Amino acid sequence: MRLVIVGPFPRHPSAPDGGVEASTSDLILGLRTLDRGVHVDVITLDDSATKDRTVNWNGAVVHYLHSPRRLLTTTRYYLPRRRIRALVSEIEPDVVHAQGTQMFGDIGLSLGYPLLVSVHGIVDEELKYLDNPIAKLRRRLQSQVQRRVIRKARHLYQPGGYPMRHFGGLAQGNWHTGWNPVSDGFFAVEPSRAPATILFVGAVTRLKGVMDLVEAASKLLAEFPRLEVRVAGGFREPAYLETLQARVRQLHLERQVSLLGPLRRADLIEEYSRCSVLVLPSYQENSPMAVAEAMAAATPVIATRVGGVADMVDDGMTGLLYSPGAIELLAEHLRRVLRDPVAAAHIGEEARHVAEDRFRPSKVATRLLDVYQQVIDDHG
């Protein structure tokens with residue numbers, strides 16, 4: 001089988017930027033472990049490059065195409081669409097897998113090959129948490145693209161079941177349900193938990209609710225004077241970052257809160273190993289990689305009951321859930337985990353057991369190979 005994956009891919013595979021890049025690179029690793037004769041080409045865009053480049057990575061050929069930064073959505077991705085179509089025509093794949101229902105899904109629909117589209121974020125929900133007018137306009141246009149792709153695609157892949165529930169009858173094609181893969185490195189974690197160490201993984205944005213975590217942490221300092229809050233992720237909203245830093249100073253938490261920025265994968269795995277708990281206080285999620293990674297690493301999870309999170313976490317068994325914005329309940333969940341490390345470790349081990357069945361790259365790849373064959377058969 002010759003497979004082309006079109007979508008975001010790490011410029012440096014050891015440092016994926018976000019869940020889509022991580023899951024795509026981990027899928028390639030899963031396909032390689034199966035040794036089923038699948039030839040993989042990845043086509044991605046690199047707006048930081050001045051020219052195209054092609055590299056071989058773990059058996060896959062990765063094509064980085066130089067791309068403009070602006071006027072992509074408003075031109076219906078004219079330039080990258082033309083270049084991706086030309087490259088795909090040269091490769092002549094059996095099946096194309098588009099990672100995302102926005103630009104890459106829209107381009108995928110125009111290629112003429114058997115197509116599977118993976119649903120990642122839900123744009124119309126994310127719109128609610130943007131303040132910048134230009135950013136909101138851009139996301140509205142992207143939401144229109146996403147709905148068009150959902151409506152037209154013959155085959156859609158969803159992690160968990162939330163996208164199908166959200167889009168209801170909009171989709172006319174077939175839904176295929178599975179999970180996104182998590183690197184084997186997370187499953188190999190041997191926990192060495194530091195006391196009262198809270199980890200957040202994700203972009204530092206209003207949507208992700210990092211401020212709520214800071215507020216909850218301030219309520220725990222008297223009981224846990226050695227408390228640490230470690231925030232691993234990029235800073236995509238400068239105004240929100242400034243507000244967050246100001247609030248940290250107001251609460252006198254400068255020594256407790258560390259803004260680490262984006263981390264290389266090896267460093268992120270180390271953070272999962274040493275933390276007491278992962279907290280994801282988001283106001284909207286689909287199937288967050290941070291939760292899947294924490295489960296694989298046997299790290300207890302506290303997360304909001306939004307989007308597809310409840311499909312991933314069995315409340316009270318493999319993690320603890322709460323309603324977004326409920327800072328007092330978040331603080332109480334944190335007390336419960338930090339006071340009883342033995343019970344917390346049991347939750348983490350239960351989560352890892354579930355993760356083994358869902359998120360191992362080889363198991364996700366096996367499922368997707370079956371889906372690819374269905375897509376090919378349906379196209380013929």
Side-chain angles (χ1 to χ4, degrees), residues 186 189 191-205 207-235 240-241 244-245 247-263 267-283 285 288-306 309 313 315 318-348 351-352:
F186 292 94
V189 163
S192 55
R193 307 296 183 201
T197 302
I198 302 166
L199 178 65
F200 166 89
V201 176
V204 181
T205 63
L207 174 71
K208 294 289 186 177
V210 188
M211 190 80 74
D212 290 356
L213 173 55
V214 169
E215 297 288 348
S218 71
K219 301 176 184 300
L220 304 174
L221 193 55
E223 184 175 353
F224 304 98
R226 297 178 63 187
L227 183 77
E228 280 191 82
V229 177
R230 300 179 64 79
V231 177
F235 311 126
Y240 183 81
L241 176 61
L244 177 68
Q245 291 172 319
R247 186 57 178 156
V248 167
R249 291 192 294 270
Q250 289 173 356
L251 295 170
H252 306 292
L253 292 176
E254 296 97 322
R255 295 178 60 184
Q256 284 73 35
V257 177
S258 299
L259 300 176
L260 306 175
L263 298 180
D267 296 325
L268 184 59
I269 289 173
E270 177 61 26
E271 292 292 333
Y272 279 113
S273 172
R274 68 181 297 271
C275 73
S276 309
V277 59
L278 173 87
V279 175
L280 194 66
S282 302
Y283 284 75
E285 291 284 356
M289 288 299 294
V291 169
E293 290 167 352
M295 293 174 68
T299 300
V301 172
I302 299 174
T304 45
R305 191 183 286 102
V306 296
V309 174
V313 177
D315 191 18
T318 59
L320 299 173
L321 300 178
Y322 71 101
S323 297
I327 294 170
E328 291 292 344
L329 184 53
L330 170 56
E332 186 54 41
H333 281 341
L334 282 166
R335 286 190 188 94
R336 174 179 170 182
V337 169
L338 299 180
R339 284 174 178 171
D340 194 344
V342 174
H346 177 73
I347 288 175
R352 174 175 273 180

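Since the model is a prediction, treat every value here as computed from it, not as a measurement.
- Residues Phe200 and Pro281 form a side-chain contact, since some pair of their non-hydrogen atoms from C-beta on lies under 4.5 Å apart.
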Taking distance alone, no hydrogens or angles, what donor-acceptor pairs closer than 3.5 Å link side-chain atoms of residues 327-347 to residues at least two apart or in another chain?
{"unit_1": "Glu328", "atom_1": "OE2", "unit_2": "Lys219", "atom_2": "NZ", "d": "3.3"}
{"unit_1": "Glu332", "atom_1": "OE1", "unit_2": "Arg335", "atom_2": "NH1", "d": "3.4"}
{"unit_1": "His333", "atom_1": "NE2", "unit_2": "Leu321", "atom_2": "O", "d": "3.0"}
{"unit_1": "Arg335", "atom_1": "NH2", "unit_2": "Lys219", "atom_2": "O", "d": "3.4"}
{"unit_1": "Arg339", "atom_1": "NE", "unit_2": "Glu223", "atom_2": "OE2", "d": "2.6"}
{"unit_1": "Arg339", "atom_1": "NH2", "unit_2": "Glu223", "atom_2": "OE1", "d": "3.3"}
{"unit_1": "Arg339", "atom_1": "NH2", "unit_2": "Glu223", "atom_2": "OE2", "d": "3.3"}
{"unit_1": "Asp340", "atom_1": "OD1", "unit_2": "Val342", "atom_2": "N", "d": "3.4"}
{"unit_1": "Asp340", "atom_1": "OD1", "unit_2": "Ala343", "atom_2": "N", "d": "3.1"}

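- A distance of 11.5 Å separates CZ of Arg255 from CZ of Arg226, quoted to the nearest 0.5 Å.
- For the pair Ala297 and Pro191, the tightest heavy-atom approach, listed with the atom from each and the gap, is O-CG, 4.2 Å.
- The structure places CZ of Phe186 at 7.5 Å from CE of Met289, a figure rounded to the nearest 0.5 Å.
- To the nearest 0.5 Å, the span separating CD1 on Ile269 from CG on Leu263 amounts to 11.0 Å.
- Although no hydrogens or angles enter the test, the distance criterion places no donor-acceptor pair under 3.5 Å between the side chain of Arg274 and the main chain of Arg193.
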Start with the C-alpha distance between Leu320 and Asp315, add both sets of side-chain angles, then the distance that settles side-chain contact (heavy atoms from CB on, under 4.5 Å), and finish with yes or no.
-> CA-CA 5 Å; Leu320 299 173; Asp315 191 18; 4.2 Å; yes
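- The one candidate from Val229, Val257, Val231, Leu259 that meets the side-chain contact (heavy atoms from CB on, under 4.5 Å) condition with Val210 is Val231.
- The two residues Leu268 and Glu293 come nearest to each other via the heavy atoms CD2-OE1, 3.9 Å.
- Of all non-hydrogen atoms in Pro262 and Gly234, the two that sit nearest each other are CD-CA, 3.9 Å.
- Rounded to the nearest 0.5 angstrom, Asp212 CG and Tyr322 OH are separated by 6.0 Å.
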May I have the step-by-step check of side-chain contact (heavy atoms from CB on, under 4.5 Å) for Val291 and Leu280, ending in yes or no?
-> CA-CA 8 Å; Val291 169; Leu280 194 66; 3.8 Å; yes
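- Heavy atoms only, all atoms of each residue included: Ala217 and Leu227 are closest at O-CD2, 3.5 Å.
- Of the inter-residue distances, the one linking Leu278 atom CG with Tyr272 atom OH reads 5.0 Å to the nearest 0.5 angstrom.
- Checking side-chain atoms of Ser258 against main-chain N and O of Arg230 turns up no donor-acceptor pair under 3.5 Å.
- The minimum heavy-atom distance linking Ser276 with Ala196 is given by the pair OG-N, 3.2 Å.
- Between the side chain of Arg352 and the backbone N or O of Ala296, at least one donor-acceptor pair lies under 3.5 Å.
- With sequence neighbours excluded, the residues that form a side-chain hydrogen bond (donor to acceptor under 3.5 Å, both in side chains) with Glu215 are Arg247.
- Atom CG of residue Leu221 and atom NE2 of residue His252 lie 11.0 Å apart, to the nearest 0.5 angstrom.
- Using modelled atom types, no side-chain atom of Thr304 and backbone atom of Tyr283 make a donor-acceptor pair closer than 3.5 Å.
- Thr205 places no side-chain N or O within 3.5 Å of a backbone atom of Phe235 that could act as its donor or acceptor partner.
- The two residues Val313 and Gly319 come nearest to each other via the heavy atoms CG1-CA, 3.6 Å.
- Here Ser273 pairs with Ser192 under the side-chain hydrogen bond (donor to acceptor under 3.5 Å, both in side chains) rule; sequence neighbours left out.
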